[in-house]
Colleague: 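My structure is below; once you've seen it, I'll send some questions.
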Amino acid sequence: MAWTTVPAFHLLPPLFALHKPTAPPCFFSNPSSALQHTRLSPTLRLPFQPSSSFGNQICRAAEYKFPDPIPEFAIAETEKFRAHLLTKLSKKDIYGDSVQEVVGVCTEIFNTFMHTEYGGPGTLLVLPFIDMSDTINERGLPGGPQAARAAVKWAQEHVDKDWNLWTGDDGT
């Protein structure tokens, strides 16, 4: 078994839970003095040797740049989204006369996200859908959580697939 020397400061914060210091770290005003009072040396020996290919994979993943949003795609996808949400929410009794306004809120937030943030598979975020629910509730409109759920469900099923069709990417 190969041993690798790793600086102790590279370990995650539960360091003090694994090794009992002479006093709890919160009693020290200077964090470096807390390390001096532990039974740890400045380096720890770990029973593994990461392969060089592992490091290369991490570097390549960190260097990946997602494409910029495509305005034409954002417009087309927003229109599909609006049409679907209007049809879906019109079937529910909870919206009453507010269905157009609820769909408008959701569409505006989705449109902004598609124009500014969405750059292909892997960039579909949950925050716009949380914003939809919060905005609908803040405006005193009915069914914020239900509308956001319908919106995110549609987006999960369609946006990445539509992006791949739009860009000619087969998803591999």
Side-chain angles (χ1 to χ4, degrees), residues 6-18 25-26 31 48 50-172:
V6 177
F9 59 84
H10 285 227
L11 297 176
L12 294 175
L15 182 71
F16 294 108
L18 299 174
C26 58
F48 67 88
S51 69
S52 61
S53 65
F54 177 73
N56 290 340
Q57 290 172 356
I58 291 174
C59 290
R60 276 187 255 130
E63 294 170 359
Y64 182 77
K65 302 284 185 211
F66 287 97
D68 289 332
I70 301 172
E72 297 82 10
F73 174 74
I75 292 167
E77 201 68 3
T78 299
E79 185 52 38
K80 287 182 186 179
F81 173 82
R82 189 195 68 71
H84 169 79
L85 207 57
L86 184 59
T87 302
K88 180 84 172 178
L89 300 185
S90 294
K91 295 176 183 177
K92 306 227 181 233
D93 293 335
I94 62 173
Y95 298 102
D97 296 335
S98 302
V99 71
Q100 289 286 346
E101 196 172 354
V102 169
V103 170
V105 167
C106 294
T107 302
E108 180 182 340
I109 292 169
F110 184 77
N111 184 48
T112 301
F113 169 73
M114 293 300 292
H115 276 88
T116 59
E117 299 290 327
Y118 185 77
T123 61
L124 184 61
L125 306 175
V126 72
L127 290 176
F129 303 99
I130 293 170
D131 290 344
M132 289 175 195
S133 179
D134 291 347
T135 303
I136 291 167
N137 291 339
E138 287 169 6
R139 293 186 184 178
L141 297 169
Q146 294 87 348
R149 172 143 170 61
V152 75
K153 186 176 177 189
W154 182 87
Q156 287 176 318
E157 293 174 3
H158 294 92
V159 176
D160 289 346
K161 290 177 189 172
D162 292 348
W163 173 274
N164 288 335
L165 289 172
W166 187 279
T167 60
D169 186 4
D170 63 0
T172 59

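Just so you know, these numbers come straight off a predicted model, no measurement behind them.
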Colleague: Of the non-hydrogen atoms in Ala155 and Leu124, which two are nearest, and what is the gap between them?
Modeller: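 Closest approach of Ala155 to Leu124, heavy atoms only: O-CD2, 3.7 Å.
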Colleague: Side chains of Pro67 and Trp163: does their closest heavy-atom pair fall under 4.5 Å?
Modeller: yes
Colleague: Under the salt bridge (charged side-chain N to carboxylate O under 4.0 Å, His left out) test, which residues partner Glu79, sequence neighbours left out?
Modeller: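 Counting only residues at least two positions away or on another chain, Glu79 forms a salt bridge (charged side-chain N to carboxylate O under 4.0 Å, His left out) with Arg82.
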Colleague: Does anything in residues 138-157 form a side chain to side chain donor-acceptor pair (under 3.5 Å)? List the pairs, not counting sequence neighbours.
Modeller: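 Every pair satisfying side chain to side chain donor-acceptor pair (under 3.5 Å) with a residue in residues 138-157: Trp154-His158.
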Colleague: To the nearest 0.5 Å, how far apart are CG in Leu127 and CD1 in Ile109?
Modeller: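 Taking CG in Leu127 and CD1 in Ile109, the distance rounds to 11.5 Å.
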Colleague: Distance from Glu77 atom CD to Phe113 atom CZ, nearest 0.5 Å?
Modeller: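 Between atom CD of Glu77 and atom CZ of Phe113 there are 11.0 Å.
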Colleague: For residues Asp160 and Tyr118, determine if any side-chain heavy atom of one lies less than 4.5 Å from a side-chain heavy atom of the other.
Modeller: yes
Colleague: Looking at every heavy atom in both Ile136 and Gly144, which two are closest together, and how far apart are they?
Modeller: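 Looking at all heavy atoms of both residues, the shortest contact is CG2-CA, 3.5 Å.
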Colleague: For residues Val152 and Met132, determine if any side-chain heavy atom of one lies less than 4.5 Å from a side-chain heavy atom of the other.
Modeller: no
Colleague: Please name the pair of heavy atoms, one in Pro71 and one in Pro69, separated by the smallest distance, quoted to 0.1 Å.
Modeller: CD-O, 3.6 Å
Colleague: Would you find a donor on one side and an acceptor on the other, under 3.5 Å apart, between the side chain of Thr123 and the backbone of Gly120?
Modeller: yes
Colleague: Listing request: all ring-ring contact (aromatic ring centres under 6.0 Å, His included) pairs with a residue in residues 120-142, at least two apart in sequence or in separate chains.
Modeller: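 Passing the test, one end in residues 120-142: no pairs.
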Colleague: Ile75: which residues meet the side chain to side chain contact (heavy atoms under 4.5 Å, CB included) condition with it, sequence neighbours left out?
Modeller: His115
Colleague: Show me the pairs that pass salt bridge (charged side-chain N to carboxylate O under 4.0 Å, His left out) and involve residues 116-135, at least two apart or across chains.
Modeller: none
Colleague: If you compare all heavy atoms of Trp166 against all heavy atoms of Ile70, which two are closest, and at what distance to 0.1 Å?
Modeller: NE1-CG2, 3.9 Å
Colleague: With a cut-off of 3.5 Å and sequence neighbours excluded, list every side-chain donor-acceptor pair involving residues 87-106.
Modeller:
unit_1: Thr87; atom_1: OG1; unit_2: Ala83; atom_2: O; d: 3.0
unit_1: Ser90; atom_1: OG; unit_2: Leu86; atom_2: O; d: 2.6
unit_1: Tyr95; atom_1: OH; unit_2: Gly143; atom_2: O; d: 3.1
unit_1: Tyr95; atom_1: OH; unit_2: Ala147; atom_2: N; d: 3.1

Colleague: Test Asp162 against Phe73 for side chain to side chain contact (heavy atoms under 4.5 Å, CB included), laying out the working first.
Modeller: CA-CA 9 Å; Asp162 292 348; Phe73 174 74; 3.9 Å; yes
Colleague: Restricting to non-hydrogen atoms, name the atom on Pro145 and the atom on Ser133 that form the minimum distance, rounded to 0.1 Å.
Modeller: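 Minimum heavy-atom separation between Pro145 and Ser133: N-OG, 3.5 Å.
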